[in-house]
Amino acid sequence: QVQLVESGGGLVQPGGSLRLSCAASGSIFGINTLGWYRQAPGKERELVAAITSGGNTNYADSVKGRFTISRDNAKNTVYLQMNNLQPEDTADYYCNARVQVTATLVRTYWGQGTQVTVSS
């Protein structure tokens with residue numbers, strides 16, 4: 001079994017920054033794709049950013065130029081650096097991982113979620 005533990009959320013003023021972390025532990029042969037999703041009240045969960053095992057990234061248009069996703073393979077950890085935060089970024093943020101758990105089996109796991117609130 002694989003567990004994803006998130007941290008780094010909180011309250012920040014518009015224009016401020018936060019860095020989210022998500023660490024994976026358990027029976028892991030390798031992590032393929034890592035991503036961050038968010039869900040605001042009354043809205044569907046949406047992909048914010050993703051990064052492949054090769055380091056390729058993609059971002060939602062709404063966060064391009066402000067957010068940066070990165071990974072530390074030695075620590076099985078993915079980060080989301082969020083700069084110039086705006087009230088529209090307020091949401092619960094969820095870590096997602098596509099994990100190679102055996103030589104032939106890939107499973108998807110979710111973190112518990114961390115709240116990000118942007119308000120003056």
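Treat the numbers as computed from the prediction; the structure is a model and nothing was measured.
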Any salt bridge linking Asp89 with Arg38? Criterion: basic side-chain nitrogen under 4.0 Å from a carboxylate oxygen.
yes

Within-4.5 Å side-chain heavy-atom neighbours: Ile51 and Thr33
no

Quick one: CG on Leu4 to SG on Cys22, what's the gap to the nearest 0.5 Å?
4.5 Å

Which heavy atom in Ser17 sits nearest to a heavy atom in Asn83, and how many Å separate them?
OG-OD1, 2.9 Å

Main chain of Ile69, side chain of Tyr59: is a donor-acceptor contact present, judged purely on distance under 3.5 Å?
yes

For Val2 against Tyr109, the heavy-atom pair lying closest together
O-CD2, 3.5 Å

Flag the pair Met82 / Arg66 as yes when at least one side-chain heavy-atom distance between them is below 4.5 Å, and no otherwise.
no

Would you tell me whether Thr77 and Asp72 have side-chain atoms, one donor and one acceptor, within less than 3.5 Å of each other?
no

Just do the side-chain contact (heavy atoms from CB on, under 4.5 Å) check on Thr114 and Leu20 with the steps written out, would you?
CA-CA 8 Å; Thr114 184; Leu20 306 183; 4.0 Å; yes

Arg107 CZ: over 12 foreign heavy atoms closer than 6.0 Å
no

So, the side chain of Arg71 versus the backbone of Ile31: is there a donor-acceptor pair under 3.5 Å, distance only?
yes

Is there a path of hydrophobic side-chain contacts, each under 4.5 Å between heavy atoms, that joins Val99 and Val106?
no

Hydrophobic cluster membership, with links at side-chain heavy-atom distances under 4.5 Å among I/L/V/M/F/W/Y: are Leu85 and Tyr79 in one?
no

Stepwise side-chain contact (heavy atoms from CB on, under 4.5 Å) check, Val78 with Cys95:
CA-CA 8 Å; Val78 61; Cys95 176; 3.7 Å; yes

Using side-chain contact (heavy atoms from CB on, under 4.5 Å), reason through Leu47 and Asn58 one step at a time and then give a plain yes or no.
CA-CA 10 Å; Leu47 176 67; Asn58 68 85; 3.7 Å; yes

Verify same cluster id: Leu18, Tyr93 (apolar side-chain graph, 4.5 Å)
yes

Ignoring hydrogens and geometry, is there a side-chain-to-backbone donor-acceptor pair from Thr90 to Val118 under 3.5 Å?
yes

With no hydrogens and no angle check, is any side-chain donor or acceptor of Gln86 less than 3.5 Å from a backbone partner on Glu88?
no

How many angstroms lie between atom CG of Leu80 and atom OG of Ser70, to the nearest 0.5 angstrom?
8.5 Å

Measure from the ring center of Phe67 to the ring center of Trp36 and say whether it is less than 6.0 Å.
no

Mind running side-chain contact (heavy atoms from CB on, under 4.5 Å) on Ser27 and Gln1 for me, showing each step along the way?
CA-CA 6 Å; Ser27 182; Gln1 182 66 22; over 6 Å; no

Lys NZ or Arg CZ of Arg45 over Tyr94 ring: under 6.0 Å, within 45°:
yes

Can you find a pair of side-chain heavy atoms, one from Ser119 and one from Pro87, that are under 4.5 Å apart?
no

Say you draw a straight line from CG of Leu105 to CZ of Phe29; how long is it, rounded to the nearest 0.5 Å?
10.5 Å

Assess whether atom CD of Gln115 is packed by more than 12 heavy atoms of other residues, nucleotides or ligands within 6.0 Å.
no

Is there a side-chain contact between Asn32 and Thr52 (heavy atoms, below 4.5 Å)?
no

Nearest-0.5 Å distance, OG of residue Ser120 to CG of residue Leu11:
10.0 Å

